[in-house]
Amino acid sequence: MTQTLLRGRTLSFLRWPDNTNDHAAYRYEQDGGLLVDGGTIVAAGPYADVAAKAGDGVKQIDHRPHLLLPGFIDAHVHFPQMGVIASYGAELLDWLNTYTFPEETKFRDAQHGRRIARLFLDEMVRQGTTTVAAYCSVHKQSAEAFFAESHARDMLNIAGKVMMDRNAPEGLRDTPQSGYDDSRALIAEWHGRGRQLYAITPRFAITSTPEQMEMAGALMREFPDLHMQTHLSENHAEIAFTQELYPWSRDYTDVYEHYGLLGPRALFGHCIHLSEREADALSDSGSVAVFCPTSNLFLGSGLFDYQRYRRRAKRLRIATATDVGGGTNYSMLRTMDEGYKVIALNGEKLNPFASFWQITRGNAEALSIADRVGTLDTGTAADITVLDARATPAMRLRMETVGTLAEELFLLQTLGDDRSIAEVYVAGKPAKSMLST
Ligand code: GUN
Ligand code: ZN
């Protein structure tokens with residue numbers, strides 16, 4: 001197989017960076033090399049050392065002076081909501097009923113699902129995102145379309161058909177049995193096929209009957225290695241309605257706990273208004289709270305207290321995500337820019353190294369896939385994003401006064417978007433330059 005040797009300024013994280021002087025938290029090579037063979041990074045380090053390991057006929061690609069980072073990871077996104085993003089003027093439950101549910105009914109048409117899956121993964125690549133944890137619609141064929149498209153591109157993606165059997169319109173409801181059967185069939189067909197991973201996906205407690213929640217729990221017991229993704233404590237009206245539907249529950253988290261849905265591969269979108277008991281329950285079970293800053297701001301849901309969750313004695317595992325179409329941007333750079341502002345409103349700051357740790361290694365650890373993606377370690381997949389901090393005239397001007405790597409990263413986060421993504425590699429193959437437009 002032909003080897004590829006990438007040259008550029010390589011940056012990969014070893015652990016959470018405490019501050020901008022925490023240089024032991026990352027590995028940076030001013031003149032770095034990555035040797036890729038069969039979709040995997042087989043050597044990484046100073047360019048001269050890596051080049052010496054390359055075989056005859058190696059294909060060289062020089063990205064200097066750009067930065068080479070692990071591909072970004074988006075831990076919570078709804079691929080059927082491309083047609084929902086930028087819908088005006090509603091809070092969560094109205095937004096779901098007015099815009100989102102009608103849009104998602106279109107996915108009963110397999111052809112529509114295939115078209116949107118293609119456009120969605122094109123957009124992810126355009127933005128430098130190489131892995132997502134995605135919600136499909138309730139329709140089995142939407143998940144089939146997503147996985148087929150992802151598999152054809154050799155992307156590592158996690159996805160699941162949404163389970164929802166009440167409080168949603170006709171055409172967007174399954175039943176406890178059909179939700180279980182369809183999920184099981186999709187697991188059999190797609191989980192572990194190539195790089196595809198299945199997530200059991202009860203949409204949220206409001207749209208599942210207790211019978212369906214039981215079925216989701218049964219799937220978790222049958223397939224304990226699978227991810228589970230759902231929504232938790234996003235909005236006050238949502239919390240109150242959940243309490244009405246499950247009057248026996250101590251709190252919202254208790255509903256998921258009761259049905260056996262907490263655990264190290266459980267991803268809970270939002271987690272904005274958690275009590276201390278709920279945060280303890282998530283922490284004790286190793287569950288993950290997913291911070292979706294643009295969505296939380298756009299829907300007026302609230303401010304996720306990132307630093308408090310990290311600092312508490314029972315620390316929460318945290319991932320970050322766009323949550324498109326509640327989220328307003330596909331870019332993880334734009335997402336962390338808004339995340340920085342949310343954290344600032346809570347009276348703290350997130351250092352730029354921590355931001356980039358979060359959208360690479362941090363999210364990979366939260367999704368329990370850091371052995372495969374999220375770093376530039378040898379033996380992991382060559383899913384790589386190439387960043388250009390001079391992509392626009394305004395960025396070029398600002399770069400004139402940037403002196404450190406931390407400042408450059410902060411500039412990329414604050415002013416960057418898809419224009420700053422110079423190239424993306426998926427399993428070692430150029431992907432962004434291959435997009436039609
Ligand atoms: N809660 C249940 N479904 C959704 C969704 O699609 N988006 C958001 N933001 N919250 C939800
Ligand atoms: Zn969501």
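Predicted model, so just to flag it, every value in this text is computed and none were measured. We count ligands from 1, going down the list as the structure has it; atoms in each ligand are counted the same way.
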Distance-only, no hydrogens or angles: does the [X] side chain make a donor-acceptor pair with backbone N or O of [Y] under 3.5 Å?
X: K161; Y: A143; result: no
X: T98; Y: W95; result: no
X: T375; Y: D377; result: yes
X: R108; Y: T105; result: yes
X: Y340; Y: N351; result: no

Contact with ligand 1 for W95, non-hydrogen, under 4.0 angstrom
yes
Under the salt bridge (Lys or Arg N to Asp or Glu O under 4.0 Å) test, which residues partner D383, sequence neighbours left out?
R195
Where does [X] meet ligand 1, judged by heavy-atom distances below 4.0 Å: at the side chain, the backbone, both, or neither?
X: T207; result: neither
X: H270; result: side chain
X: D323; result: side chain
X: F101; result: neither

for atom 10 (N) of ligand 1, nearest protein heavy atom and its distance come out as E234 OE1, 2.8 Å
Minimum-distance protein heavy atom relative to atom 1 (N) of ligand 1:
H231 CG, 3.4 Å
Hey, are the side chains of Y135 and F146 touching, using non-hydrogen atoms and a 4.5 Å cut-off?
no
Got a salt bridge between R390 and D388, using NZ or NE/NH1/NH2 to carboxylate O under 4.0 Å?
no
Total protein N/O/S atoms sitting under 2.8 Å from the Zn ion (ligand 2), waters ignored, is 4
Considering only heavy atoms of L92, which atoms of ligand 1 have at least one such atom less than 4.0 Å away?
8 (C), 10 (N), 11 (C)
Within ligand 1, which atoms have a heavy atom of F204 less than 4.0 Å away?
1 (N), 2 (C)
Nitrogen or oxygen of R203 less than 3.5 angstrom from that of ligand 1
yes
Answer yes if the ring centres of F353 and Y26 are under 6.0 angstrom apart, and no otherwise.
yes
Are Y180 and Q212 close enough that a side-chain donor and a side-chain acceptor fall under 3.5 Å?
no
